[in-house]
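The chains referred to below are lettered A, B, ... by the order of the sequence lines, with proteins before strands, and numbering in each begins at 1.
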Amino acid sequence: MASTSKPVYDSASYRVSAISELKELGKYRYLLGQLIRRDILTRYKRSVLGVAWTMLNPLGTMLILTFVFSNFFKSEVLHYPVYILSGLLVWNFFSQGTNAAISGLVWGGSLLKRIYIPSSVFGVSAIGTALVNLVLSLVPLVIVMLVDGAPFYLSMLFLPVSILLVTAFTLGFGLFISSLAVFFPDVAEMYQVLLTAWLYLTPIIYPESLISARWLPFYKINPMYWMVKMFRLPIFEGRLPNWQEFLPAFGWAVGMLLVGWIYFTSKTEEYAYRV
Amino acid sequence: MSEVKEENIQASTPEPIIQLENLSVSYRLPSERIGTFKEYAIRKLQRKIKITKFWALTDISLQVNKGEVFGLIGNNGAGKSTMLKVISKVLKPTKGRVVVYGKIAPLLELGAGFHPELSGRENIFLNGALLGYSRSEMESVFDEIVEFSELEQFINSPVRTYSSGMFARLGFAVATAHMPEILILDEILSVGDEAFQRKCNLRMKNFQQAGATVLMVSHALDMLEGMCNRIAWIDHGKTQKIGEPQEVISAYRGENL
Ligand SMILES: Nc1ncnc2c1ncn2[C@@H]1O[C@H](COP(=O)(O)OP(=O)(O)OP(=O)(O)O)[C@@H](O)[C@H]1O
Ligand SMILES: [Mg+2]
């Protein structure tokens with residue numbers, strides 16, 4: 001009686017897992033590219049300067065912060081503009097990426113209710129867009145370094161590894177927080193407060209040397225402390241991270257990615273009911 | 001003797017392409033939705049979280065056969081859209097089982113995946129990607145989509161400048177550019193002007209002749225009567241009647257007089 005051909009979909013044996021979602025994402029890689037393209041195109045479509053804003057934006061923030069704080073910190077840090085920008089790039093990537101993951105899943109939710117799409121595609125494309133912006137914002141960094149007369153080190157060749165680490169961490173965190181935001185709408189609001197506090201608890205604007213030795217261990221609990229270090233060391237101090245510096249960053253990156261991905265996929269079947 | 005008889009039945013038994021077995025779907029009632037994290041934490045502490053279920057579908061069993069145009073009718077809130085969602089893998093059934101033997105093309109609620117700032121051209125690729133197609137699959141049908149939707153002149157303008165009928169044309173053209181094994185339509189065909197509606201109907205007939213299965217929801221009963229092989233009437237999440245279009249529709253009309 002029943003058809004002998006293999007079903008395309010059987011709800012009895014269908015279960016979203018961390019592995020199956022990865023496969024689905026592979027099948028939808030064209031959508032991934034399209035979403036990133038859309039986000040980059042539409043963000044600037046009706047503006048005069050277009051994509052140049054991606055570079056002007058961090059430059060503007062950096063100029064303001066430098067102007068405001070350089071009197072305080074100039075004596076502590078030699079090339080303060082380079083110091084601040086190298087940290088700010090990482091921070092902007094993280095905060096933009098995770099926020100876009102939240103709004104991406106909320107927007108995507110209106111589609112997830114209607115057609116089947118692997119839900120991770122929205123978070124992953126959000127981080128992808130932020131990654132493009134991060135790479136573009138290396139251009140103003142180079143300009144600032146030239147203007148400020150800061151040295152260029154060979155250790156900067158380590159940056160692709162740094163980018164990989166912070167991307168993994170941001171993706172994991174973005175998936176986790178966006179999943180929470182589906183279930184509790186006020187998580188998005190609370191996250192903005194958390195981000196502000198988090199920024200000031202990470203030595204980005206102020207030099208690390210200002211942190212007293214007594215408090216430093218607490219600062220080191222913060223994963224963003226290590227992510228920022230992965231950029232500062234090769235750009236600013238001109239050396240590769242040693243193992244004691246690399247391993248915490250690596251651990252946070254891989255750990256957060258795994259936790260975020262597994263948590264996100266474990267909730268996937270509920271999203272269409274909740275968004 | 002009995003062997004021959006069984007073979008006969010086999011030959012005349014239509015091949016199922018969608019099977020619903022004792023399907024039930026429950027939503028959480030919105031009033032019970034815990035909106036904020038704070039609320040959740042407080043209620044969790046007070047052990048007051050209780051989930052009230054609303055059964056949108058209860059114990060539905062039916063079978064759609066290969067090559068059929070199958071209609072679903074029923075009042076607002078009867079559970080028709082919910083049923084389509086369960087079939088197209090959007091919602092996992094709460095109870096029971098869904099088995100589908102073919103690739104499904106769901107028709108997006110028109111324009112749901114469009115980005116207003118992007119051009120018609122860009123939206124075609126974006127929309128195709130949302131439906132799970134690859135770049136080459138979209139490139140091969142691009143010209144045909146533009147031609148079918150009759151938007152040649154406007155294809156490079158942002159879709160925020162389109163009229164709602166133009167939106168609908170584009171949406172329909174993208175979703176039906178590749179003939180799917182199963183086409184799912186949720187109240188789609190009522191948009192667009194008459195000429196375009198005829199065009200849509202023609203395309204659906206062609207699909208059907210080529211062996212595709214169509215599952216459609218509509219409140220346009222006369223249109224359904226003309227198009228469908230069978231119709232199911234859903235009422236408050238239960239199947240009231242399944243059978244010949246005319247019979248089911250007149251029973252439905254009789255009930256709702
Ligand atoms: N996400 C949801 N959360 C809670 N209840 C829902 C949700 N979606 C639908 N429902 C409820 O389920 C029932 C069936 O909804 P459904 O959309 O399937 O109806 P329908 O038959 O398609 O109606 P219509 O003809 O108006 O499109 C309705 O009572 C609706 O209130
Ligand atoms: Mg409906």
When the 4.5 angstrom heavy-atom criterion is applied to A/Tyr9 and chain B, the contacting part is both
To the nearest 0.5 Å, atom CZ of A/Arg29 lies from atom CZ of B/Arg135 at 12.5 Å
The ring-ring contact (aromatic ring centres under 6.0 Å, His included) partners of B/Tyr162 (sequence neighbours excluded) come to none
For A/Lys220, the side chain to side chain contact (heavy atoms under 4.5 Å, CB included) test, sequence neighbours excluded, returns A/Leu216, A/Tyr225, A/Trp226
Whatever's closer than 4.5 Å to a heavy atom in chain B on A/Arg37 counts as side chain
Rounded to the nearest 0.5 Å, the OH atom of A/Tyr116 sits from the OG atom of B/Ser88 at a distance of 11.5 Å
Rounding to 0.5 Å, atoms CG (B/Leu20) and OG (A/Ser11) come to a distance of 9.0 Å
* To do: Show your reasoning for whether side-chain contact (heavy atoms from CB on, under 4.5 Å) applies to A/Asp10 and B/Arg97.
  => CA-CA 7 Å; A/Asp10 182 351; B/Arg97 185 178 178 193; 2.5 Å; yes
**Request:** Verify whether the ring centers belonging to A/Tyr273 and B/Tyr27 lie closer than 6.0 Å.
**Result:** yes
Honestly, the part of B/Glu181 sitting under 4.5 Å from a heavy atom of chain A is neither
To the nearest 0.5 Å, atom CG of A/Leu112 lies from atom CG of B/Leu91 at 10.5 Å
Q: Would you check, one step at a time, whether the test side-chain contact (heavy atoms from CB on, under 4.5 Å) holds for B/Arg28 with A/Arg274?
A: CA-CA 9 Å; B/Arg28 296 156 163 266; A/Arg274 297 299 199 95; 3.0 Å; yes
The reported gap from CG in B/Leu126 to CG in A/Leu41 (rounded to nearest 0.5 angstrom) is 10.5 Å
message = I'd like to know whether A/Ile117 forms a side-chain contact (heavy atoms from CB on, under 4.5 Å) with B/Leu130, so could you lay out the CA-CA distance, the side-chain angles of the two residues, the decisive distance to 0.1 Å, and finally the verdict.
response = CA-CA 7 Å; A/Ile117 304 170; B/Leu130 284 167; 3.7 Å; yes
- Query: Where the side chain of B/Lys92 meets the backbone of A/Tyr14, is there a donor-acceptor pair that is under 3.5 Å apart?
  - Reply: yes
### Message
Before you tell me yes or no, could you show the steps for A/Leu31 and B/Leu131 under side-chain contact (heavy atoms from CB on, under 4.5 Å), namely the whole-Å CA-CA distance, both residues' side-chain angles and the distance that decides it to 0.1 Å?
### Response
CA-CA 9 Å; A/Leu31 175 60; B/Leu131 293 170; over 6 Å; no
Next on the checklist: Checking the side chain of B/Glu117 only, and the main-chain atoms of A/Thr42 only, is there a donor and an acceptor separated by less than 3.5 Å?
Outcome noted: no
